[in-house]
Amino acid sequence: MNNSLEAILDTCLNQIEDGKANIDECLARYPEHATELKPLLQAATRLARGRDVMPDPSYKARARTQLHV
């Protein structure tokens, strides 16, 4: 990945995280990089959603118990 694409990706990710843009808007701004950007942006947004997942407290308790056995 070249420095230009890295900078564009970073800009898009920040804008998406801040709610200032979505994937389609970023791709429209940088059509010359859209083919490379799209899978990267899609993967990053999926991974970001994973940070919001919180395990159920009962699951955490069971897992903790199983680790101590």
Side-chain angles (χ1 to χ4, degrees):
M1 185 176 334
N2 63 40
N3 289 339
S4 175
L5 182 59
E6 287 181 38
I8 292 168
L9 177 60
D10 191 45
T11 298
C12 287
L13 290 174
N14 286 328
Q15 290 174 345
I16 290 169
E17 187 175 322
D18 294 342
K20 295 178 181 175
N22 61 36
I23 292 175
D24 291 330
E25 291 168 335
C26 284
L27 297 175
R29 276 191 213 118
Y30 304 102
E32 68 279 9
H33 296 289
T35 303
E36 294 173 286
L37 274 176
K38 186 174 183 176
L40 297 171
L41 292 172
Q42 289 173 330
T45 55
R46 284 188 197 118
L47 290 171
R49 283 183 286 207
R51 288 187 296 210
D52 297 332
V53 174
M54 298 299 290
D56 181 271
S58 63
Y59 170 79
K60 287 174 66 173
R62 283 192 315 272
R64 190 173 297 117
T65 301
Q66 290 174 353
L67 288 172
H68 292 295
V69 173

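Computed over heavy atoms, backbone and side chain alike; hydrogens, waters and symmetry mates excluded. Each residue takes its place number in the sequence, starting with 1. Keep in mind that this is a model prediction, so the values were computed, not measured.
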Legend entry - D10 (side chain) donor-acceptor with E6 (main chain) under 3.5 angstrom: no
Legend entry - Qualifying residue for side-chain contact (heavy atoms from CB on, under 4.5 Å) with L40, from L9, I23, L13, I8: L9
Within this structure, what is the [atom1]-[atom2] distance for the pair [X] and [Y], rounded to the nearest 0.5 Å?
{"X": "L41", "Y": "I16", "atom1": "CG", "atom2": "CD1", "result": "4.5 Å"}
{"X": "L37", "Y": "T11", "atom1": "CG", "atom2": "OG1", "result": "10.0 Å"}
{"X": "E32", "Y": "S4", "atom1": "CD", "atom2": "OG", "result": "7.5 Å"}

Please tabulate, for side-chain N and O atoms in residues 24-31, each donor-acceptor pair with protein atoms closer than 3.5 Å (sequence neighbours left out).
residue : atom : partner : partner atom : Å
E25     : OE1  : N22     : N            : 2.8
R29     : NH1  : Q15     : OE1          : 2.6

Legend entry - For D56, all residues meeting side chain to side chain donor-acceptor pair (under 3.5 Å), sequence neighbours excluded: S58
